[in-house]
Q: 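I'd like to ask some things about the structure below.
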Number of protein chains: 2
Amino acid sequence: MECPRVRLTTKSNNGKRSSASASAPALGQRATRQRKLIYDILRSTEDHLDAESLYRKARDIDSRVSLSTVYRTIALLKESDLVDELVFEDDRRCYEFRKEVGHHHIRCLSCGEIIEFECDCLEKMRARLKQELGFEVEALKIDISGYCRKCSASR
Amino acid sequence: MECPRVRLTTKSNNGKRSSASASAPALGQRATRQRKLIYDILRSTEDHLDAESLYRKARDIDSRVSLSTVYRTIALLKESDLVDELVFEDDRRCYEFRKEVGHHHIRCLSCGEIIEFECDCLEKMRARLKQELGFEVEALKIDISGYCRKCSASR
DNA sequence: TTTACTGCAAAGTGTTTGCAGCGAT
DNA sequence: ATCGCTGCAAACACTTTGCAGTAAA
């Protein structure tokens with residue numbers, strides 16, 4: 001039973017923020033200060049931020065950013081497949097820089113920690129859906145909530 | 001590779017509405033007209049309704065139902081594990097009467113049809129998460145969007 | 001100089017809530 | 001008769017939008 005092997009996703013970036021601010025993303029038309037900032041924050045953080053915290057982080061660095069721009073930029077980045085949106089049970093929507101396909105999230109209902117993992121069984125399921133139902137999968141998302149080792153111990 | 005076998009869930013109910021209105025559910029304290037009505041609609045429909053359409057359906061039968069009551073009743077039914085909430089990519093939330101565990105949904109982005117299927121690999125994944133990460137899964141939900149056979153053909 | 005992008009405030013969406021009256025028990 | 005439930009409207013949280021000004025090209 002090889003399929004549902006769970007393995008932690010290797011963290012793609014172990015510093016706080018990658019030093020070089022890198023090239024501006026192909027966001028839309030113009031690489032504005034605000035867009036670069038928001039993009040940089042998302043690209044370099046380990047956290048899964050919601051719109052509000054992303055806004056606060058951005059504003060701490062440069063006050064000339066508005067919440068609307070954060071939303072507009074998120075939409076842009078989603079369209080360009082540069083960031084993914086995670087929607088959890090309780091409606092919280094977080095954003096993260098696009099990583100490898102096939103990595104998923106579990107969230108601890110008690111401490112809020114988000115753990116990432118990979119499981120190739122989902123990719124296999126996608127193939128099966130195509131084969132057996134003729135269904136062409138565009139988006140496959142799995143949301144798992146529960147209690148992490150630490151929190152289930154202290155319950 | 002037995003694991004990600006996809007199979008269509010057998011429809012639990014093939015009539016339009018089951019004839020007998022059945023016993024009142026253990027909803028909370030009181031089995032009111034409104035609660036019975038909402039419960040009955042959810043129990044007997046094949047569709048996955050959102051709050052609004054559930055409200056319209058209910059109001060068509062008995063005008064003395066309000067949208068707030070629909071929301072309140074849905075919350076109640078969710079708490080009692082009598083209905084499940086499905087949250088799709090585009091935010092639409094639908095409700096369905098609780099069926100067997102381990103059945104999931106895929107939705108056609110073109111025609112909106114919701115197809116149900118089972119896949120035991122997710123249950124196995126749950127076991128693995130427990131075993132390997134010590135993570136106690138409370139809720140496991142998978143949302144798949146894409147194009148059904150018919151719609152992918154006509155694209 | 002052009003016109004895409006931004007901040008602001010206002011509008012919109014889906015859901016929840018406070019309250020006085022209603023009705024299941 | 002009690003007090004849990006309801007309808008209503010108002011509040012709510014989050015997101016989107018119109019517009020006049022700003023700035024990237």
Side-chain angles (χ1 to χ4, degrees), chain A residues 21-42 48-80 82-95 112, chain B residues 21-42 48-80 82-95 143:
Chain A
S21 184
S23 59
L27 284 166
Q29 324 293 321
R30 292 184 185 173
T32 63
R33 188 179 61 246
Q34 292 90 334
R35 287 179 178 181
K36 282 184 210 152
L37 176 57
I38 292 164
Y39 172 83
D40 269 3
I41 292 173
L42 276 171
H48 296 83
L49 304 170
D50 59 17
E52 182 66 30
S53 16
L54 183 49
Y55 167 57
R56 278 198 304 265
K57 253 182 197 280
R59 204 187 37 185
D60 286 351
I61 299 172
D62 180 345
S63 64
R64 291 167 302 172
V65 191
S66 72
L67 185 54
S68 353
T69 295
V70 169
Y71 277 112
R72 282 189 273 229
T73 305
I74 287 172
L76 224 51
L77 291 165
K78 266 164 56 185
E79 260 171 50
S80 326
L82 285 168
V83 308
D84 290 320
E85 182 179 63
L86 320 173
V87 186
F88 290 99
E89 273 289 297
D90 62 0
D91 261 336
R92 229 165 77 84
R93 291 157 175 241
C94 297
Y95 302 91
Chain B
S21 186
S23 58
L27 283 166
Q29 325 294 321
R30 293 186 184 169
T32 64
R33 189 180 60 246
Q34 292 90 334
R35 287 180 178 180
K36 282 185 210 151
L37 175 56
I38 292 163
Y39 172 85
D40 269 1
I41 292 172
L42 276 171
H48 295 84
L49 304 170
D50 58 17
E52 182 66 30
S53 16
L54 182 50
Y55 167 58
R56 277 198 305 265
K57 253 181 198 280
R59 203 186 39 185
D60 286 351
I61 299 172
D62 179 345
S63 64
R64 291 166 301 171
V65 191
S66 71
L67 185 53
S68 353
T69 295
V70 170
Y71 277 112
R72 283 189 272 230
T73 305
I74 287 172
L76 224 51
L77 291 166
K78 266 164 56 184
E79 259 170 52
S80 326
L82 285 167
V83 308
D84 290 319
E85 181 179 62
L86 320 173
V87 185
F88 290 99
E89 274 289 296
D90 62 359
D91 261 336
R92 229 165 77 83
R93 291 158 177 243
C94 298
Y95 303 92
D143 290 335

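In the text below, chain A, chain B and the rest are named by the order of the sequence lines, each starting its count at 1. Model, not experiment: these values are computed from the prediction.
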Q: Could you list the residues that satisfy salt bridge (Lys or Arg N to Asp or Glu O under 4.0 Å) with B:Glu52, not counting sequence neighbours?
A: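 Testing B:Glu52 for salt bridge (Lys or Arg N to Asp or Glu O under 4.0 Å), a comparison that skips the adjacent residues, returns B:Arg56.
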Q: What is the distance from CG of A:Leu49 to P of D:dC14, rounded to the nearest Å?
A: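 Atom-to-atom, A:Leu49 to D:dC14, this comes out as 15 Å.
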Q: Classify every nucleotide of nucleotides 18-25 of chain D by which part a protein heavy atom approaches to under 4.0 Å, writing B for the base, S for the sugar-phosphate alone and - for neither, in 5'-to-3' order.
A: B----BBS
Q: Starting at CZ of A:Arg56 and ending at C1' of D:dC14, how long is that distance when rounded to a whole Å?
A: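 The answer, rounded to whole Å, is 14 Å.
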Q: Measure CG/A:Leu67 against P/C:dT6 and give the value in whole Å, please.
A: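 Result: 13 Å.
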Q: For B:Arg59 and D:dT6, what is the distance between atoms CZ and C1' respectively, to the nearest whole Å?
A: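 Taking CZ of B:Arg59 and C1' of D:dT6, I get 16 Å after rounding.
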Q: Could you pull out all residues at least two apart from A:Asp84 that satisfy side-chain hydrogen bond (donor to acceptor under 3.5 Å, both in side chains)?
A: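 Here the qualifying residues are A:Arg98.
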Q: Determine, stepwise, if the pair B:Tyr39 / B:Leu77 fulfils side chain to side chain contact (heavy atoms under 4.5 Å, CB included).
A: CA-CA 8 Å; B:Tyr39 172 85; B:Leu77 291 166; 3.8 Å; yes
Q: Do A:Leu37 and A:Thr32 come within less than 4.5 Å of each other through their side chains, counting heavy atoms only?
A: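 A:Leu37 vs A:Thr32: side chains apart.
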Q: Bend across the helix from C:dT1-D:dA25 to C:dT25-D:dA1, to 10°, with axes taken over 5 pairs at each end?
A: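 Roughly 30°, once rounded to the nearest ten degrees.
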Q: Report yes if a side-chain nitrogen or oxygen of A:Ser66 is closer than 4.0 Å to either non-bridging phosphate oxygen (OP1 or OP2) of C:dT6; otherwise report no.
A: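 No, outside the criterion.
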Q: Going by salt bridge (charged side-chain N to carboxylate O under 4.0 Å, His left out), name the pairs with one or both residues in residues 66-77 of chain B, residues two or more places apart or in two chains.
A: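 Pairs touching residues 66-77 of chain B that pass the test: none.
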Q: Starting at CG of B:Leu76 and ending at P of C:dT17, how long is that distance when rounded to a whole Å?
A: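 After rounding, the reported distance stands at 13 Å.
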Q: Answer yes or no: is there a side-chain heavy-atom contact under 4.5 Å between B:Leu42 and B:Leu82?
A: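 They are not in side-chain contact.
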Q: Between atom CZ in B:Arg35 and atom P in C:dG23, what is the gap in whole Å?
A: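 Taking CZ of B:Arg35 and P of C:dG23, I get 15 Å after rounding.
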Q: Separation of B:Tyr71 atom OH from D:dC12 atom C1', in whole Å?
A: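 Spelled out: OH on B:Tyr71 to C1' on D:dC12 is 13 Å.
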Q: For residues B:Leu86 and B:His48, determine if any side-chain heavy atom of one lies less than 4.5 Å from a side-chain heavy atom of the other.
A: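 Yes, at least one pair of side-chain atoms sits under 4.5 Å.
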Q: Do A:Tyr95 and A:Ile74 have side chains that get closer than 4.5 Å, going by heavy atoms?
A: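 Yes. Closest side-chain heavy atoms under 4.5 Å.
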Q: Rounded off to whole Å, could you give me the OH-to-P distance for the B:Tyr55 and D:dC8 pair?
A: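 Spelled out: OH on B:Tyr55 to P on D:dC8 is 7 Å.
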Q: For B:Arg33, what residues pass the salt bridge (Lys or Arg N to Asp or Glu O under 4.0 Å) criterion, not counting sequence neighbours?
A: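 Counting only residues at least two positions away or on another chain, B:Arg33 forms a salt bridge (Lys or Arg N to Asp or Glu O under 4.0 Å) with B:Asp62.
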